[in-house]
Number of protein chains: 2
Amino acid sequence: MEFKHQPTVTLAEVAEAAGVGESTVSRVLRNHGSFSGKTRERVMAAVERLGYVPNRIAGTLASTGSRLVAFVIPSLSNIVFPDVLRGASAVLEENRYQAVFSVTDYDPGKEEALAAAMLAWRPAAVMLAGCEHTEGTVKMLRASGCRVVELLDLDGDALDIAVGFSNRAAGRESAAFLLKRGYRRIGYVGHDLNRDTRAGKRFSSFCETLDGHDTPLVAHEILAGASSVENGRLGLERLLARTTDLDAVYFSNDDMALGGYFHCLAEGIAIPSKLAIFGYNGLDIGRATPQPLSTIRTPRVATGEIAAQLVVANAPPQAVDLGFELIEGATA
Amino acid sequence: MEFKHQPTVTLAEVAEAAGVGESTVSRVLRNHGSFSGKTRERVMAAVERLGYVPNRIAGTLASTGSRLVAFVIPSLSNIVFPDVLRGASAVLEENRYQAVFSVTDYDPGKEEALAAAMLAWRPAAVMLAGCEHTEGTVKMLRASGCRVVELLDLDGDALDIAVGFSNRAAGRESAAFLLKRGYRRIGYVGHDLNRDTRAGKRFSSFCETLDGHDTPLVAHEILAGASSVENGRLGLERLLARTTDLDAVYFSNDDMALGGYFHCLAEGIAIPSKLAIFGYNGLDIGRATPQPLSTIRTPRVATGEIAAQLVVANAPPQAVDLGFELIEGATA
DNA sequence: AAGCAAATTGGTAGCGCTGCCAAAAAAACC
DNA sequence: GGTTTTTTTGGCAGCGCTACCAATTTGCTT
């Protein structure tokens, strides 16, 4: 079956029906410029009668700037990104901007291709995760003339606007916390770090901090693929099978940490006396477990909100550090 | 600081630089119509040299149909919707379609407003959650002439295409399962059902099924606000405070059920011997808990994929029932 | 070599709207 | 009453691209 376009009502038809000029209709509809109350009523009546829906494609082409904001994000499975989108979309909707997105699967090459596709829509801004991009992506974004916002990672040079926090600092503080608590035989369970560079940064800073205190990481287990509760569980199981006397494990994020937590529950490993668990992200679910998860809470929704606000306000280039909060919890 | 548009390279400039006509460049770039290999090379060289990025706004306006697909979803916090988006976006990207979205917060009025805003982009399709919409929304979508896809709920009349499963059937099967297992004093913990009509349908069918077996629901606890692990925990706590001899509790979804599960763990309530727990959605996390969660797994990603495929293929109006799977788990 | 079909190419009229400018109408002034 | 302002209005040229058509070139055939 072929799809047939309904005959569309155009602005010209509204103008005709209302007995006014096209530009008058345009002014009334955008509430911009001046027109009399009587004209307004006639136009609105015609709009209502004909069921006119303005065409923003045409409007955007005719005017200079678009009200599209493009998101190029690594994943929708990792709740981090829906959270950012949620914060941003609320602000954008208030300001009559429209969010567009596509998903890279943590693949920089795909990021480049998708960013290019996005630029074809001439968005007001492109929002990307992190600050590592291919040379091609950077060049293209620079040349595009549209605003670029890099989200969730401040450890690097920003192209234009950056909103988030330092993953390195998060890794450091996590290590410092575990050390302060007296843990000395520390392990790590993580997911694919080549793809998730932010998790990689946390891990390397975590290790550096441990090294700096002459308490190097005892063992680590890296699982291929994305982070998940099941992978966290599996990772801890494998790590413990190899390494007998760990007293704490740092996980690449809360999903993984919850998996580890469940493993301990299932195996009767006492937390934190026998084994401490520390995560990252501060998901709500970690607060409802029998023992609240020790973790770092990141301002994901706020990151989206602030990013959107800066774009809407057309703010100058800047890096906004939203920080994070260490949650002591009861698992470490 | 004011944002300044970079001087944009247009198709006409590429044509000039390549020494060919505009339509030739257009044909080469879209790989549509015929042109010689030599011409192709010259055009591509000029594109490369000038860093030309096609303008899809202009392209869409000039051609008839757009390659935008608009999603109007209730929430991004409830993982259900990111899952659907994920499935859909993969298929759409393969077919060079672009996903656009906005979030209604389960508010039908907002849905109407956002759907209207979406139609202004003249999308190829609008995708909505469920099949309950305001009269205004329905009228507008009907008049728009674009494809309409209703997701995740088959219990109602579809406007055009519907993809999902029956929430009523899910409620019925959940009840039948608990009865089959021998539970007779059954309670319910849910979140705001006025807004989440799909959860409401599951609940009412669940109750009807219980009634049909002369085992009416013993008690229920409905919490205001969205579903969350914390609310599930709180809900079960309140329910048990009021009602002493329940032997099973049905939750509005897995998030809520996990909260209940954690409550039992924390309070030392034996599962399922003392109290059984049953959820809905089949989240991955429910498979990694010490006792796998008894629940119904819904095909969320597949819903998005199928929906996108039907739109891309411009399929005729139809309702596609993807079904669901009851997971026995170990909590009921 | 002429004749015809097929492949390739360029010109140009819109797509529906906004922005600019000048014209017309209304209001305010002396 | 006749200006001078101010407000309101309509006309129309694009925005950058695609679709259509006609013109040109190429390749074959006889």
Side-chain angles (χ1 to χ4, degrees), chain A residues 5-43 46-47 50-68 96 119-124 144-146, chain B residues 5-43 46-47 50-68 96 119-124 144-146:
Chain A
H5 266 287
Q6 213 83 348
T8 318
V9 183
T10 68
L11 188 148
E13 300 177 65
V14 174
E16 164 109 294
V20 300
E22 292 185 35
S23 31
T24 302
V25 177
S26 177
R27 273 182 300 247
V28 170
L29 257 32
R30 285 177 300 149
N31 195 32
H32 177 279
S34 64
F35 45 83
S36 69
K38 199 170 49 189
T39 306
R40 195 195 124 81
E41 276 171 37
R42 294 204 357 229
V43 169
V47 164
L50 301 180
Y52 172 69
V53 177
N55 185 333
R56 288 190 82 170
I57 298 276
T60 302
L61 181 62
S63 59
T64 41
S66 97
R67 280 182 176 263
L68 282 172
R96 313 197 320 122
L119 287 177
W121 291 103
R122 298 292 187 272
S144 76
C146 84
Chain B
H5 267 286
Q6 219 74 356
T8 317
V9 183
T10 68
L11 189 149
E13 298 177 66
V14 174
E16 163 107 295
V20 299
E22 292 186 35
S23 29
T24 303
V25 176
S26 177
R27 272 183 301 246
V28 170
L29 257 32
R30 284 178 299 147
N31 195 33
H32 178 280
S34 65
F35 45 83
S36 70
K38 201 170 50 187
T39 305
R40 195 195 125 81
E41 274 172 38
R42 288 184 29 207
V43 169
V47 164
L50 300 180
Y52 172 68
V53 177
N55 185 332
R56 288 190 81 168
I57 298 278
T60 302
L61 180 61
S63 60
T64 40
S66 96
R67 280 183 176 265
L68 282 172
R96 312 197 324 123
L119 288 177
W121 290 102
R122 297 293 188 271
S144 75
C146 81

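Predicted model, so just to flag it, every value in this text is computed and none were measured. A note on names: the letters A, B, ... follow the listed sequences, proteins ahead of strands, and every chain is numbered from 1.
We find that CG of A:Leu61 is positioned 17 Å from P of D:dA13, with the value rounded to whole Å. In this structure, the CG atom of B:Leu29 is 16 Å from the P atom of D:dG16, given to the nearest Å. At whole-Å resolution of the value, NE2 in A:His32 and C1' in C:dG19 are 9 Å apart. Between B:Phe35 atom CZ and C:dA7 atom P there is a gap of 14 Å when expressed in whole angstrom units. In this structure, the CZ atom of A:Arg42 is 13 Å from the C1' atom of D:dT8, given to the nearest Å. At whole-Å resolution of the value, CD in B:Glu22 and P in C:dT12 are 11 Å apart. As a whole-Å value, the separation of A:Leu11 CG from C:dT18 P is 6 Å. The distance between atom CZ of A:Arg67 and atom P of D:dC15, rounded to the nearest whole Å, is 22 Å.
Counting non-hydrogen atoms under 4.0 angstrom, A:Ser23 reaches a base of the nucleic acid. Base engagement by A:Ser34 is indicated by at least one non-hydrogen atom pair under 4.0 Å involving a base atom. As judged by a 4.0 angstrom heavy-atom cut-off over every strand, A:Thr60 is placed among residues making no nucleic acid contact.
The side chain of A:Arg30 approaches C:dT18 more closely than any other nucleotide in the set C:dT18, C:dT8, D:dC17. The listed nucleotides are D:dC17, C:dT18, C:dG10; the one nearest the side chain of B:Thr24 is C:dG10.
Between D:dC15 and B:Thr10, no contact under 4.0 Å exists linking OP1 or OP2 to a side-chain N or O.
On a pure distance criterion of 3.5 Å, a polar donor-acceptor pair joins the side chain of A:Arg27 and the base of D:dG10. In the interface, the side chain of B:Arg56 is not paired with the base of D:dG16 through any donor and acceptor atom under 3.5 Å apart.
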query = Is there a side chain to side chain contact (heavy atoms under 4.5 Å, CB included) between B:Ile57 and A:Ser66 once you walk through the steps?
reply = CA-CA 10 Å; B:Ile57 298 278; A:Ser66 97; 5.5 Å; no

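More than 12 heavy atoms of other shown residues, nucleotides or ligands fall within 6.0 angstrom of atom CZ in B:Arg67. With a 6.0 Å radius and a threshold of 12 heavy atoms from other residues, nucleotides or ligands, B:Glu16 has its CD atom at or below the threshold.
Closest heavy-atom contact between A:Thr60 and B:Trp121: OG1-CH2, 3.7 Å.
With 3.5 Å as the limit, one finds a donor-acceptor pair spanning the side chains of B:Ser36 and B:Thr39.
Comparing B:Arg40 and B:Ser63 by the nucleotide of DNA chain C that holds the closest heavy atom to each, the one mapping nearer the 5' end is B:Arg40.
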